[in-house]
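For this chain, numbers begin at 1 and follow the sequence in order.
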Amino acid sequence: MHGSARNAVGANRRRPDRHYRHRWILAVSVGEGVGFTLAASLAILGTVAGIDGAGRLALAMVGGALEGAALASGQYLGMRARRPAAGRWIGATALAAALAWLLGMTPSTVGVDLGEPVTLIALGFGGVVLLVAIPAAQWLVPARPGTLRWVPVNAGAWSVAILWTFAPSPFIDEHSPVAVVAALYVLAGVLMAVTFASLTAGVAGSLFVPGTTHEAAREAGREPGDRGAPGTSAAGSGGGTDHASAGTRGQPSAPTRRLP
């Protein structure tokens, strides 16, 4: 019975974890995919319309804010417990995403000299800020003990997922049809979204999913932390009583002393 209870607890713990992972990946992929599509569409429209300079950067920040809001909405829907305040979570993510797009679009908009060491240092620093901006802003919303790992895990996920946005470059140039450019970047955005969602599902599950050990243990008939000794669980105690009764049938009972 002890082994059966342990197996039941393990199975009950794995089912919610798997369900939550699928839920997170789906919700975040849709949110980020929609958000990036909106941001990329604005950037492409700005290029087609000949918007440059400060106007181009402003348009990028608007698109970034839309992407951040969509991403945060998907993440919020993917959470199951210990959710932060929705308005603050979405607002912080939108502002951070707008900053990230500003940092990402500034070098190509203003033009930089890659031969200058100061420029390379500035680009490297800007790249780090770009990757950390969103997770750091999100972490400041709940700011609970033990949640700081959200920042490095998400920054690392972004550093991998964002590589998809460079994939269309070898296949397009200034003569490529707008529809082809848009389609390639939408595809890249979807792949980026799924990659990011998959890489962050683990840390999200540890922070935003309710613990299942207690519930699973109750379903198996024992409390968490109970080593499952015979007779300690509901099923075990019943079985132990039956066996004890069976073993003493037909034997004289020991004399008992009444208390005064």
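Looking at V160 and F196, their side chains never come closer than 4.5 Å, going by heavy atoms from C-beta outward. A 4.5 Å side-chain heavy-atom check between E67 and F36 finds at least one atom pair inside the cut-off. At least one side-chain heavy atom of L130 sits less than 4.5 Å from a side-chain heavy atom of I162. Contact of the V34 side chain with the V30 side chain is registered, since non-hydrogen atoms from C-beta on lie closer than 4.5 Å.
Rounded to the nearest 0.5 angstrom, L59 CG and L57 CG are separated by 9.5 Å. Here the straight-line distance linking atom OG1 of T37 with atom CG of L187 works out to 10.0 Å at 0.5 Å rounding. The OG1 atom of T106 lies 10.0 Å from the CG atom of L123; values are rounded to the nearest 0.5 Å. In this structure, OG1 in T47 is found 8.5 Å from CD1 in I51, a value given to the nearest 0.5 Å. Note that the CG atom of L120 and the CZ atom of F125 stand 15.5 Å from one another [nearest 0.5 Å].
For S206, the side-chain hydrogen bond (donor to acceptor under 3.5 Å, both in side chains) partners at least two apart in sequence or on another chain are R149.
Here the closest heavy-atom approach between residue A39 and residue G63 is recorded as CB-O, 3.3 Å. Nearest approach of G68 to A97, heavy atoms of both residues: CA-CB, 3.6 Å. Listed here is the closest heavy atom pair of A167 and P170: O-CD, 3.0 Å. Across all non-hydrogen atoms, the minimal contact from Y20 to R80 is CD1-CD, 3.4 Å. Listed here is the closest heavy atom pair of L207 and R82: O-NE, 3.0 Å. Residues Y76 and P84 share a closest heavy-atom pair of CE1-O, 3.2 Å.
Between the side chain of R144 and the backbone N or O of W139, no donor-acceptor pair lies under 3.5 Å. Without hydrogens or angle criteria, D52 side chain to G55 main chain gives no donor-acceptor distance under 3.5 Å. For the pair S29 (side chain) and L26 (backbone), a donor-acceptor distance under 3.5 Å is absent. Of the possible polar contacts, none joining the T147 side chain to the A143 backbone as a donor-acceptor pair under 3.5 Å is found. R88 places no side-chain N or O within donor-acceptor distance of the main-chain N or O of P142, the cut-off being under 3.5 Å.
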(request) Before giving the answer on side chain to side chain donor-acceptor pair (under 3.5 Å), spell out for W24 and S198 the whole-Å C-alpha distance, their side-chain angles and the decisive distance to 0.1 Å. (result) CA-CA 8 Å; W24 174 266; S198 301; over 6 Å; no

(request) Just do the side chain to side chain contact (heavy atoms under 4.5 Å, CB included) check on T200 and I25 with the steps written out, would you? (result) CA-CA 8 Å; T200 56; I25 292 176; over 6 Å; no

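Between W89 and F208, the ring planes lie perpendicular to each other; the angle is over 60°, past the 30° to 60° tilted range.
Annotation: W164, atom CH2; neighbour count of heavy atoms from other residues, nucleotides and ligands within 6.0 Å does not exceed 12.
A continuous path of hydrophobic side-chain contacts links L131 to L71 [ILVMFWY only; heavy atoms under 4.5 Å]. Hydrophobic clustering of Ile, Leu, Val, Met, Phe, Trp and Tyr side chains at less than 4.5 Å, counting indirect connections, keeps L66 apart from L77. Residues V153 and M192 share a single hydrophobic cluster, defined by chaining ILVMFWY side chains whose heavy atoms lie under 4.5 Å apart.
The only option from E32, R83, Q138 that meets the side chain to side chain donor-acceptor pair (under 3.5 Å) definition with Q75 turns out to be Q138.
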